[in-house]
Amino acid sequence: MERFTVNGGKALFGCVAVPAAKNAILPILAASLMTDGETVVKNCPDLSDIRVSADIIRAVGSMAAFDGSSFWTVYNESEKSAIPQPLCSKMRSGILYLAPLLYRRGKVTLYYPGGCNIGKRQIDIHLDGLQKMGAQLECGEDKITLLAPDGLKGTHFRLRLPSVGATQTLMMAAATAKGITILHNCAKEPEVVDLARFLRCAGAKITGAGKSEIIIQGVQSLNAVEYTPIADRIFAATVLSGVNACRGMVFLKNYPAEYMHSFEKVLKQTGLRIVHLADGAVAVKIFDRAADIKVHTGFYPAFSTDMGPLLSAALINNNGTLVLTEGIFENRFSYAEQFEKLGLCCKVSGTEYYQTPKNSIYTAQLKAADLRAGAALVVAALAKRGNFTIEGLEYIDRGYEKIEDVFSALGGNIRRNTFEQQQKSKS
Ligand code: EPZ
């Protein structure tokens with residue numbers, strides 16, 4: 001088992017490049033199965049979820065190669081239409097292969113998806129929408145099968161709530177369905193818009209992505225594409241959170257300014273200055289300004305649920321209170337207990353989280369329970385004076401390529417210790 005050792009309390013200085021967004025890349029990789037010929041997705045960070053995507057594409061008979069930055073897919077005819085259970089359990093985004101496999105094979109089998117344990121994470125909207133487009137559903141104890149041997153048909157469908165994944169599934173399904181599909185109450189997240197952009201580059205006819213209503217005229221086939229997905233707003237929020245909590249000055253190259261308004265607005269209240277430049281942004285924090293902060297997370301353009309844990313970490317040294325109300329997932333505050341170990345007073349009541357400073361702690365053993373909670377622990381430990389260890393790196397590696405290198409390059413003292421190194425230092 002690997003873990004981080006962190007000697008916190010150092011200010012951050014330097015430059016960091018924001019990579020392409022995991023949550024934009026994963027649906028695009030699924031959609032690449034729908035394109036004919038060789039599709040290339042560029043600027044991908046080397047994340048475990050991206051490597052699992054390559055395994056899924058190969059498991060269903062197509063070709064995938066990933067060199068740690070560019071990802072190639074070449075579609076192959078095959079009978080394989082089931083995503084093996086071990087791959088489904090590794091990440092939730094296996095669900096994004098429903099529509100591509102229905103288009104390619106007329107059939108898809110998926111085991112109930114895994115992923116971060118941040119809430120119930122149902123899949124009913126994906127399934128209802130696909131059934132409305134003509135797919136037949138067969139439910140087993142631990143898996144589902146969808147059948148559409150003659151293809152899908154365009155329809156009108158209103159999403160029960162604006163789910164990101166379900167909007168992406170239905171947009172992909174409609175892209176090659178017969179006729180016109182109109183989706184109502186869609187998610188407006190930038191990653192939905194980016195998938196639409198990718199599909200349009202491949203020849204799909206989609207209008208309205210980023211608005212509540214998306215209209216799709218189905219086409220017969222999609223062509224190969226070379227594509228660079230949008231920059232990662234959650235990665236950018238992680239670095240801003242680090243600068244706010246640790247102080248210092250960092251230049252973020254490829255900064256996705258247009259998606260950062262709500263996060264920036266809150267951090268500015270505690271003394272962070274952000275200067276937008278043509279090729280990025282500079283974040284500067286010289287002193288802490290105490291502030292009581294209240295934030296509600298919700299569907300875009302509201303404050304992002306994924307940025308909630310990062311906001312908590314950003315405010316670890318803030319001499320005020322934070323009240324964070326979660327509007328999307330039921331179990332987002334797994335870091336509360338860990339933050340207590342860092343000297344905060346944290347209370348969770350249903351979907352409301354409260355944090356305020358209590359005392360100084362100089363050592364603690366921390367454990368990540370999901371991806372963004374893990375990133376929050378990294379930032380919090382870097383910002384607190386003392387020596388800390390963090391376990392649960394498998395969660396953090398799902399969304400960050402070597403987060404320790406990102407912060408070490410900025411002057412943070414964080415190291416990854418392998419099991420062998422830990423054994424050696426004991427003996
Ligand atoms: C995406 O998850 C992101 N993942 C999540 O990021 C992000 O937290 C989430 O959107 C919300 O912004 C990826 O893009 C890979 P949803 P997704 O479907 O698509 C309910 C991270 O840390 N729902 O919008 O799974 C669901 O239970 C991850 O990078 C249904 O009820 O999220 C949840 O309460 C974590 N039925 C809400 O909708 C459905 O069929 C939003 O989920 C689908 C969803």
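Order of listing sets the numbers, starting from 1, for every ligand and every atom in it. Computation of the quantities below employed the complete heavy-atom set of this structure, encompassing side-chain atoms and omitting hydrogens, waters and symmetry-equivalent molecules.
Only the side chain of Arg160 comes within 4.0 Å of ligand 1, counting heavy atoms alone; its backbone N, CA, C and O stay farther away. Contact annotation for Lys22 and ligand 1: only side-chain heavy atoms (C-beta onward) come within less than 4.0 Å of the ligand. With a heavy-atom cut-off of 4.0 Å, Ile234 does not touch ligand 1 at all. Looking at Leu371 against ligand 1, only its side chain comes within 4.0 Å, counting heavy atoms. For Tyr300, no heavy-atom contact with ligand 1 is shorter than 4.0 Å. Counting heavy atoms closer than 4.0 Å to ligand 1, residue Thr305 contributes side-chain atoms (C-beta onward) but none from N, CA, C or O. With a 4.0 Å heavy-atom cut-off, ligand 1 is reached by the backbone of Val164 and by its side chain too. When non-hydrogen atoms are compared, ligand 1 lies under 4.0 Å from neither the backbone nor the side chain of Gln168. In His126, the parts holding a heavy atom less than 4.0 Å from any atom of ligand 1 are both the side chain and the backbone.
Residue contacts with ligand 1 include Arg332, since one of its heavy atoms falls under 4.0 Å from the ligand. The shortest separation from a heavy atom of Met91 to ligand 1 is not under 4.0 Å, leaving the residue out of contact.
Side-chain contact of Asp292 with Thr321: a donor-acceptor pair under 3.5 Å is present, judged by distance alone. In this structure, a donor-acceptor pair under 3.5 Å is absent between the side chains of Tyr335 and Glu337. For Gln168 and His126, the side-chain atoms include no donor-acceptor pair closer than 3.5 Å. Using modelled atom types, one finds a donor on one side chain and an acceptor on the other under 3.5 Å when comparing Thr238 with Tyr400. Under 3.5 Å, the side chains of Asp370 and Ser334 contain a donor-acceptor pair of N or O atoms. Thr305 and Thr297 form no side-chain donor-acceptor contact under 3.5 Å, judged by distance and modelled atom types alone.
The distance criterion of under 3.5 Å between nitrogen or oxygen atoms is not met by Leu161 with respect to ligand 1. Remark: ligand 1 and Gly165 share an N or O pair separated by less than 3.5 Å (distance only, no angle test). Between Glu330 and ligand 1, not a single N/O pair is under 3.5 Å apart. Annotation: Ala166 places no N or O atom under 3.5 Å from an N or O atom of ligand 1; distance criterion only.
Shown in contact with Ser93 at under 4.0 Å from a heavy atom are these atoms of ligand 1, numbered in order with element: 15 (C).
By the side chain to side chain contact (heavy atoms under 4.5 Å, CB included) test, Thr5 is found to be paired with Thr389, Arg415, Asn417, residues two or more places apart in sequence or in another chain being considered.
For Lys107, the NZ atom sits in a loose shell: 12 or fewer heavy atoms of surrounding residues, nucleotides or ligands are nearer than 6.0 Å.
Among pairs with a residue in residues 202-214, those fulfilling side chain to side chain donor-acceptor pair (under 3.5 Å) read His184-Glu213, at least two apart in sequence or across chains.
Under the 30°/60° scheme for interplanar angles, the aromatic rings of Phe71 and Phe66 are found to be tilted.
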